[in-house]
Protein chains: 2
Amino acid sequence: MSTAAHRRLTTDSWESLLRAQVTVMREFNKEPLLKELGSREYDVLFSLSRCSSGWLRLNELNDHVLLTQPSISRMVDRLESRGLVQRKTVEEDKRGVLIGLTEAGVAVQKKVGRAHVEHIQDIMETALSDEEMRTLLVLTEKLQRSVRGN
Amino acid sequence: MSTAAHRRLTTDSWESLLRAQVTVMREFNKEPLLKELGSREYDVLFSLSRCSSGWLRLNELNDHVLLTQPSISRMVDRLESRGLVQRKTVEEDKRGVLIGLTEAGVAVQKKVGRAHVEHIQDIMETALSDEEMRTLLVLTEKLQRSVRGN
DNA sequence: TAATAATAGATACAAACGCATATATCTCAC
DNA sequence: GTGAGATATATGCGTTTGTATCTATTATTA
């Protein structure tokens, strides 16, 4: 199928997803705690706090954050010099680097994370019912899987 | 309601929305035509092409793109010097500026836009059914309205 | 209406970004 | 094992970004 109405639906649904992300993100950026960290930097700390082993390769971090590899590399530099993350060479592949949170990094992530979660609750709960959030979760996960699978 | 499961659902649904946007956006950035324009610059041309009067105030542009006011101001500088947009002073408020596409800007937006739409079709159609896209559209619009309404 | 505050946009400057490329290590064919 | 290509990360450099601030114009209030 490829009618005008169908094309319209397809682009509109993507447009709306994008705008929703921009709108909510702009709201998050008002969070005062993010002033001392930046939302992308928080994203890195968050990713590290979530992974099972506690360590991620640089290129794995790259999958989560919308930045180029060199930018992430230098961002890790900065976070490292602030004592929030640490680098560790990988035994089985000496080209690679593992990134992990320091104790200070864990603390900062938790502090900012708590405020962030409250903010998310606030926004999402006001906007959507549980059932709607469940549906949104299913659809966006499906979208992700489909793109990654290409 | 504020159980652990509920908090989890709330943050997960936002996380997934964010990741889906990052994943799809990364895919879009592969589009060769965007090399000569940048996805945020395209976003500006697109916004101008969509508005009914053909002209937007700088601060209105700012609502659409995730950039600060000074960044947009300078981005318009660049697009202007490339002959893609034009500035016009507002009669009823001489502080303000109206931004509009030039003929060349319209042409470029259409050219890049066509490729972009095809790319969107490709990604969204593979991932979701029409019914699912409709649902996604409804939910993300609801989310936007709720946030803006604050 | 004069004085004060608020708003729209532009500019200076340091920090952060992307592109191209360098370096180091690994993989695989021969 | 040795050389060619692939992969992981780092670095040089010009461009773009955000924060703070400035100018110009409009709104407010006394």
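These numbers come from a predicted model, not from an experiment.
- Whole-Å rounding puts the I99(B) CD1 to dA10(C) C1' distance at 12 Å.
- The backbone N or O of V65(A) lies less than 3.5 Å from a partner atom in the side chain of R26(B), making a donor-acceptor pair.
- Side-chain contact check for S16(A) and S13(A): no donor-acceptor pair (N or O, by modelled atom type) lies under 3.5 Å.
- Checking H6(B) against D130(A) by side-chain atom types alone, a donor-acceptor pair falls below 3.5 Å.
- Salt-bridge formation is not detected for the pair D12(B)/R7(B): no Lys NZ or Arg NE/NH1/NH2 atom is positioned less than 4.0 Å from an Asp or Glu carboxylate oxygen.
- Mapped onto DNA chain C by nearest heavy atom, V97(B) and L66(A) fall at different nucleotides, with V97(B) at the one closer to the 5' end.
- Every residue two or more places apart in sequence or in another chain that forms a ring-ring contact (aromatic ring centres under 6.0 Å, His included) with H116(B) is listed here: F28(B), Y42(B).
- Residue whose closest nucleotide on DNA chain D sits further toward the 5' end, between R57(A) and R95(B): R57(A).
- Side chain of E118(B) to backbone of A115(B): no donor-acceptor contact under 3.5 angstrom is found.
- Between the C1' atom of dT7(C) and the CD atom of E92(B) lies a distance of 15 Å, rounded to the nearest Å.
- Using a 4.0 Å cut-off, no side-chain N or O of N59(B) falls inside it from OP1 or OP2 of dT7(C).
- Of the possible donor and acceptor atoms, one in the side chain of T102(A) sits under 3.5 Å from a partner among the backbone N and O of L84(A).
- One interatomic measurement links the two molecules: CD of E91(A) to C1' of dT25(C), which rounds to 14 Å at whole-angstrom precision.
- Comparing R40(B) and R87(B) against DNA chain C, the residue whose closest nucleotide sits nearer the 5' end is R87(B).
- Whole-Å rounding puts the N62(A) CG to dC17(C) P distance at 12 Å.
- A heavy atom lying under 4.0 Å from DNA chain C marks the following residues of residues 70-86 of chain A, by number: P70(A), S71(A), R74(A), R78(A).
- Residue-to-nucleotide proximity on DNA chain D shows that, of D93(A) and K35(A), the 5′-proximal contact is made by D93(A).
- For Q69(B) and dA10(C), a side-chain-to-base donor-acceptor distance below 3.5 Å is present, hydrogens and geometry of angles not being considered.
- Contact footprint of chain B on DNA chain D: nucleotides with an atom under 4.0 Å from a non-hydrogen protein atom, first to last in 5' to 3' order, dT16(D) to dT26(D).
- With hydrogens and angles ignored, the 3.5 Å screen pairs a side-chain donor or acceptor of T140(B) with a backbone N or O of L137(B).
- The closest donor-acceptor contact from the side chain of T10(A) to the backbone of Q121(B) lies at 3.5 Å or more, if one exists at all.
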